Amino acid sequence: MSVSLSDILDCFEGVIPSVIATSDGDGRPNISYLSQVFHVDDAHVALSNQFFSKTAANVTRSGRATLLAVDGRSGDQYLLDLVFVRSERTGTLFRRMAAHLDAISSQHGMESVMALRSADIFRVEQCRPVPSPGPAPPPRDDRSAPEQLTFGAALAAELAFESDPDRMLDIVLDRLTTLPGFTNLMILVPDGSAARLTTLASRGYGNTGVGSEIAFNEGVIGIAAATGVAVRISDMSRGHRMFQAARATSGLVAERHIPVPGLADPQSQLGVPMLSRGRLAGVLFAESPHRFAFTREDERMLVMVGAQLAGHLGAAEQEGGDISAPASGIEARRSPISATGSFHVRYFAFDDSLFIDDAYVIKGVPGRLLFHLLSIHAEQGRIDFTNRELRLDPRLRLPDFKDNLETRLILLRRRLDEREAPVRLARPERGRIRLELRGTPCLSVISDLSGL
Amino acid sequence: MMVIAVGEASGGAALGRCLGLRLPAGDGPIEVVFSAWQWPDLARSAGPSRAVALTLVHPSTYRTYQLKGRIETVGEGDAADMALADDYIDRMIGMLGALGVERDVIDRWCGIDAVMRVAIRADDLFDQTPGPHAGERIPA
């Protein structure tokens, strides 16, 4: 009896290691364990060639192997008779497998020893079920591909009618949380250096974590960002949890640390790069306390939604805010400060970090932006600004036209709201920013770290 | 956990999961047991003088060894072999359960019908723990 590979897709989730057995010219067998077996199509699988040199030699000689694949959800096992076809060291399949291996390796603390040498593609001559004791597991109740396609299409259509990037983020997160299993979500965006990602919005956590940071290549989120490939892990019970590796922080770093709003004990994670025109606009991330929470259909749907969101955010960035003339009734408004008293704003030039009344708010470009707005307010009393003037102001040192100003303003506004800060950002209309102040800001710049 | 494979001339191998291992007294062979019902290809291929490989993995540490040698004898399991399998399964359930593997899943790997016993004369032992020393021969 031969089983179709499309009927055993859970064997390719990388939850239970597969076993590959080969024999040399003398019939002497060799056994190796595999982190990954990828489903290529209904006649082919791809194996991760990492470190098993004896297996590689045997396959080179005979072109054949026997694989034991295990369904991590049911425990069912299958024996596959394999015939080697080719090795790939570049291309989409290789990148996907390398990203998944990176994620699995980092989960198990083996980043340095589990590099992917090649994606080895085999034709499956036969796939035989291994007899198993006990009752067959109940059928799965996964969302189907058509259901996810319908959901993704509806969400894409809703996004297409929205012009406000702030609203786009909320639409995506709010709609996704209506799906079973999508309880914990984040959207993160890269900083200017493309070395770190900053949390822009989230759902399902006690703390939104807006402004918290994750390094590229760190965990599922960082690997999805660094590789541009969706990463899905279906069972984290045996590995290190991403956020358990909370960095030991101290001094300057600790003072500026915002905790990432991750689950304490996630079992499934899915990170999808938001790509548009070849550029990373962010990462859409979902996690769950349950194993196998996200299917490959979920992954495909999220890739589609992530690309839509990236495209719309990019378009909004290009067109949003290039209003040169202040709108009537807005021009030259001077600050109606809504409360008496004052608050202290400290700006650290070395990392553009900003503290209000000794509490850390944000750093990087958003920190620089806020201090810039407050400085102009202090000099001129203005509270209304346009995106265009910010883009053209050399003092802000925005990178170039791809400055993601809109995104950074969203991040800043959300962070100030979350902190219930005495200064907030309002948007009276697209392309305009208004400072809302509760008290008079007293500004100071710290440029010399020796005073810290 | 243990996996045994018997070499095939084609280049593949017949393989299956073992249900226990008995270390030799003196210089006798190692004995392992498996279910011929669950692994019929392995049962057909396992015969005296056939080349064999056996891996032993500690699931929580990934410490892995591979032993190679030849089969000396093959026979039907007896009451002692059944007891060996029962004890092994109990310990595997405890060990894997502690790692979060569900009992229903483990049960699918533990067929104990038609237990067979294979005696193996080992002639090589390798460290196969993932890492820089994977594949290194361990001196006798």
Side-chain angles (χ1 to χ4, degrees), chain A residues 15-17 19-33 35 50-54 58-59 61-68 70-77 79-84 105 108 110 112-114 125 128 130-137 235-238 267 291, chain B residues 1-17 35 37-42 45 50-57 59-60 62 64 66-70 96 98-113 123-124 126 128-135:
Chain A
V15 172
I16 306 287
V19 182
I20 185 170
T22 55
S23 296
D24 66 14
D26 298 325
R28 188 173 162 96
N30 188 75
I31 301 169
S32 281
Y33 291 81
S35 303
Q50 300 152 228
F51 42 71
F52 45 106
S53 56
K54 183 63 180 171
N58 288 349
V59 168
R61 184 194 68 80
S62 71
R64 303 189 79 89
T66 306
L67 182 80
L68 175 63
V70 186
D71 181 327
R73 185 166 356 202
S74 68
D76 286 344
Q77 303 175 101
L79 286 166
L80 283 65
D81 298 326
L82 305 180
V83 178
F84 178 73
S105 305
H108 293 273
M110 293 184 175
S112 58
V113 297
M114 290 174 71
E125 282 198 328
R128 310 183 300 281
V130 173
S132 296
D235 185 342
M236 303 181 72
S237 57
R238 298 177 65 194
Q267 292 296 317
R291 299 166 71 238
Chain B
M1 295 183 72
M2 294 180 286
V3 171
I4 183 173
V6 176
E8 300 283 3
S10 67
L15 75 161
R17 295 189 190 278
S35 165
W37 170 78
Q38 191 159 35
W39 306 102
D41 293 352
L42 178 62
S45 295
R50 295 293 298 269
V52 67
L54 176 72
T55 53
L56 306 101
V57 183
S60 64
Y62 300 102
T64 306
Q66 181 161 197
L67 174 158
K68 295 191 179 183
R70 292 203 173 266
L96 293 177
L99 294 171
V101 184
E102 293 169 0
R103 174 65 190 269
D104 292 351
V105 169
I106 302 168
D107 284 346
R108 306 291 280 174
W109 308 335
C110 300
I112 55 170
D113 289 339
D123 54 37
D124 248 337
F126 299 88
Q128 208 172 321
T129 307
H133 301 296

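First the proteins, then the strands, lettered A, B, ... as listed; each starts at 1. The analysis underlying the following values was restricted to heavy atoms, covering all of them including side chains, and did not include hydrogens, waters or symmetry mates. Please read these numbers as outputs of a predicted model, since none were measured by experiment.
Heavy-atom distances place the side chain of B:Q66, and not its backbone, under 4.5 Å from chain A. Heavy atoms of B:D41 lying under 4.5 Å from chain A belong exclusively to its side chain. Of the two parts of B:W37, the backbone and the side chain both hold a non-hydrogen atom closer than 4.5 Å to a non-hydrogen atom of chain A. Looking at B:R50, neither its backbone nor its side chain comes within 4.5 Å of chain A, counting heavy atoms on both sides. If you measure heavy-atom distances from B:I112 to chain A, you find no contacts under 4.5 Å at all. With a 4.5 angstrom heavy-atom cutoff, B:V6 touches chain A only via backbone atoms. Heavy-atom distances place no part of A:L82 under 4.5 Å from chain B, backbone and side chain included. Using a 4.5 Å cut-off between heavy atoms, A:S74 contacts chain B through its backbone alone, with no side-chain atom that close. Only the backbone of B:L54 has a heavy atom closer than 4.5 Å to any heavy atom of chain A. There is no contact between A:V59 and chain B, counting heavy-atom distances below 4.5 Å.
In this structure, the side chain of A:T66 does not engage the main chain of B:G12 through any donor-acceptor pair within 3.5 Å. For the pair A:S23 (side chain) and B:E8 (backbone), a donor-acceptor distance under 3.5 Å is present.
Within the 4.5 Å cutoff, no side-chain heavy atoms of B:F126 are placed close to those of A:N30. Residues A:V19 and B:M1 form no side-chain contact, since every pair of their non-hydrogen atoms from C-beta on lies 4.5 Å or further apart. Inter-residue side-chain proximity for B:R108 and A:D71 is flagged as unmet; no heavy-atom pair is nearer than 4.5 Å.
Counting heavy-atom pairs closer than 4.5 Å to chain A, the top-ranked of the candidates B:G11, B:G7, B:A51 is B:G11. Among the candidates A:P29, A:G25, A:G75, A:A21, the residue making the largest number of heavy-atom pairs closer than 4.5 Å to chain B is A:P29. For the set A:N58, A:L68, A:D81, the entry with the most heavy-atom pairs within less than 4.5 Å of chain B is A:L68. The choice from B:G135, B:S10, B:G111 that makes the most heavy-atom pairs within less than 4.5 Å of chain A is B:S10. Per-residue heavy-atom pair counts under 4.5 Å with chain A were compared for B:I106, B:T55, B:D104, B:I4, and the maximum is reached by B:T55.
Contact between A:G72 and B:V105 at its shortest, heavy atoms only, is O-CG2, 4.1 Å.
Each of B:L67, B:T64, B:V3 was compared with A:I31 under the side-chain contact (heavy atoms from CB on, under 4.5 Å) criterion, and only B:V3 meets it.
At most 12 heavy atoms of other shown residues, nucleotides or ligands fall within 6.0 angstrom of atom CZ in B:R103.
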Self-check item: Verdict with supporting geometry, A:R28 and B:D124, salt bridge (charged side-chain N to carboxylate O under 4.0 Å, His left out)
Solution: CA-CA 12 Å; A:R28 188 173 162 96; B:D124 248 337; 3.1 Å; yes
